[in-house]
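Please read the structure below before turning to the comments.
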Amino acid sequence: MSLKVYNTLTGKKDEFTPLEPGKVGMYVCGPTVYDTSHIGHARSVVIFDVVFRWLKASGYDVSYVRNFTDVDDKIIKRANETGTDPIALSEKYIDEFHNEMDALNVLRPTIEPKATEHIQDIIDFIGQLIEKGKAYHVEGSDVFFSIASFDGYGKLSHRNPDDMIAGARIAVDDNKRNPMDFTLWKPAKPGEPAWESPWGPGRPGWHIECSAMSNRYLGQSFDIHGGGKDLIFPHHENEIAQSEALFGKQFVKYWIHNGFVDINNEKMSKSLGNFTMIKDVLVKYHPEVIRLFLLSKHYRSPIDYNENSMDEVIASLDKIYSFMARAKKAGVPMKTPGEVVEYSEEDEVMGTDGEDWEAFKAGMDDDFNSARGMATIFDTVKKGNKILDRNPEALHYLEKDRLEVICSDLQKMGNILGILSQNPEAYFKAKKEAGLADGNIDPSEIDKLVQERMDARKSKDFARADEIRAQLDEMNILLEDGPAGTTWKFS
RNA sequence: GGCGGCUUGGCCAAGUGGUAAGGCGACGGCCUGCAAAGCCGUUAUUCUCCGGUUCAAAUCCGGAAGCCGCCUCCA
């Protein structure tokens, strides 16, 4: 089975065939670093992180470029408002972004170029567009791209320029030859960051940055370009216009766009004041809970962030880790977090890939269907639990082998989704500690009560035992009596 | 006004022509002193509605209703 990818350009799922066998060039629009990142940024980044992981796991040599837009009107505006230097401001938010993405177990892309470090590339790009008659400089104003010079304008967003002009809600700039022409280079006002150029001191427009940087690192044509759905128009449409007008060949083969995150069924917006920042979500939930949530729905659909959904995801992740803990206790070898569980052709040849991995693979190959992948994970856990239930004390060696395959599959799947990267013990220990800190609870108190209850049970004083259990329940502590004694956790 | 998307059980959510995955919840059972966890079983004759195509449709076509997004900075 081979990979199929929904392509915004063609409007259907296309068979994925890279331009160069075995290699993939992928560019994803990164953030404009003028503010703290929100859960919507996290979704985009996590989704493309999974795409990146899946392509690598499928054996491709992937060059993954994700840029930072670090010069922009919004950055300058924010810098002026806060009295900071624009460069320092963007640096701050780049650091923040990195910290948050690291926390979310997002792999670093191959290259993370910044617009400000590619000004010369941008200037060269614009210069060539002007030479080719695809762009023009208006004296005392901007350099504009001329959409009339590019036949394919509108092919990504599936609209035609005339319709767009008719419905345009923007004030038309008299300097433009066509209302839909867009800025490539913009003159700087006094005090604004500026770079020297043949068109006077100024700064690049937003769209040209991505064309210039993708060309620098991935060439004139590459395989995948991604970003949020909102970027389809105008940003990606404009990138196509710039790059294809200059190079005369197809810019990108597959365009992938992710859907938005809603908050309690409302769009995130300034007016609603419901911007949900990654750092706040990270305080409330385990990073893997956040990832699992973001991947629980198909990447193209909108997803709703709300407490109920998050609680369900917590239960799901607990369930998976509980199984891992059980399996480990039963003596099934579990890879440690340091050992990366990668897909390999060797496994396939050796037959150590289980049926569950195959099922997962089918889901991921079908347009990165992580929701389907999650269903497979639960199936896998159920199979494993069933074996452990049958014979928890002394596993037959065949059962042990079977469990080994199940656990290996499970960890491979987790590795693609970027979850299950912890030891189960560490996972539950961290959870416990968070609960203790939250409720300001002294663990020795609990241990004392648990011990007292165990003694009560031994002497068949079940009334007392239940009383203690009820008492702990009020502290949201749940007891589990097992063959090896009583354990507790936060509910 | 233009373009696009969505509507699946109590909730979340897969499924794009062959007879409804999975999760949460609920209920019954096994297990347990009782629970919890885990496992087993039950929980959509049906996929917003109305027509049509087809041997066969949640899936394709036409129409209606509701919701949402983009067209302006936006993941």
Side-chain angles (χ1 to χ4, degrees), chain A residues 8 11-13 28-32 34-35 37-48 72-74 77 154 157-160 162-171 180 206 226-235 237 257-262 265-270 292-293 296-298 300-304 306 308-309 311-316 318-320 322-323 325-326 359 363 366 369-379 381-390 392 456-457 460-463 465-466 469-470 473 478-483 486-489 491:
Chain A
T8 307
K12 58 185 174 57
K13 279 186 203 170
V28 174
C29 290
T32 299
Y34 73 105
D35 204 350
S37 299
H38 53 67
I39 184 87
H41 294 109
R43 185 180 193 201
S44 182
V45 171
V46 166
I47 282 167
F48 287 103
D72 170 271
D73 290 354
K74 289 193 296 292
K77 184 165 172 258
S157 51
H158 304 110
R159 13 183 137 192
N160 71 67
D162 296 337
D163 287 349
M164 291 188 263
I165 293 161
R169 282 188 269 151
I170 38 170
M180 295 309 292
W206 175 37
K229 264 192 159 75
D230 54 323
L231 297 182
I232 296 171
F233 189 88
H235 187 53
E237 195 70 74
H257 293 100
N258 67 272
F260 274 28
V261 179
D262 290 339
N265 276 316
E266 281 174 327
K267 186 186 165 160
M268 259 194 275
S269 75
K270 290 221 162 71
L292 205 54
F293 162 70
S296 65
K297 219 178 146 175
H298 188 95
R300 276 186 277 122
S301 307
I303 191 168
D304 190 52
N306 59 67
N308 186 43
S309 293
D311 287 346
E312 283 186 11
V313 177
I314 292 170
S316 299
D318 280 1
K319 183 177 181 145
I320 303 167
S322 295
F323 163 69
R326 272 184 94 188
D366 184 15
N369 195 329
S370 54
R372 235 173 98 180
M374 275 173 64
T376 306
I377 286 179
F378 291 117
D379 286 343
V381 167
K382 184 170 274 190
K383 276 183 211 169
N385 269 322
K386 209 180 274 194
I387 294 171
L388 286 166
D389 258 19
R390 203 153 52 217
R457 286 178 68 213
K460 308 268 185 213
D461 183 2
F462 295 122
D466 290 348
R469 185 165 60 200
D473 185 56
L478 213 65
L479 297 180
E480 289 179 18
D481 298 327
T486 298
T487 60
W488 61 270
K489 65 176 189 182
S491 57

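A, B, ... follow the sequence lines: proteins, then strands. Residue 1 opens every chain. The analysis underlying the following values was restricted to heavy atoms, covering all of them including side chains, and did not include hydrogens, waters or symmetry mates. Note that the structure is predicted; figures quoted are calculated from it, not measured.
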Within the structure shown, what part of the strands sits under 4.0 Å from [X] by heavy-atom distance: base, sugar-phosphate, or nothing?
X	value
A/Val45	nothing
A/Gly30	nothing
A/Leu231	sugar-phosphate

Please determine if A/Asp389 and A/Lys382 form a salt bridge, counting it only when a charged side-chain N lies under 4.0 Å from a carboxylate O. no
Give a yes or no on whether a salt bridge exists between A/Lys13 and A/Asp366, defined as a side-chain N under 4.0 angstrom from a carboxylate O. yes
What is the distance, rounded to the nearest whole Å, between atom [atom1] of [X] and atom [atom2] of [N]?
X	N	atom1	atom2	value
A/Ile232	B/C70	CD1	P	11 Å
A/Met374	B/G22	CE	P	14 Å
A/Asp262	B/C6	CG	P	15 Å
A/Asp389	B/G38	CG	P	10 Å

Return the 5'-most residue of the pair A/Thr376, A/Ser322 with respect to RNA chain B, ranking by each residue's nearest nucleotide. A/Thr376
Under the 3.5 angstrom rule, does the side chain of A/Lys229 hit a backbone N or O of A/Arg300 as a donor-acceptor pair? yes
Side-chain (A/Ser44) to main-chain (A/Gly40) donor-acceptor, under 3.5 angstrom: no
When only distance counts, do a donor and an acceptor, one from the side chain of A/Asp481 and one from the base of B/C34, lie under 3.5 Å apart? yes
Under 3.5 Å, is there an N or O donor on one side and an acceptor on the other linking the side chain of A/Arg469 and the base of B/C34? yes
When you compare B/U59 with B/U19, how far apart are their P atoms, in angstrom units rounded to a whole number? 15 Å
A/Ala371 has its side chain closest, among B/A75, B/C11, B/A13, to B/A13
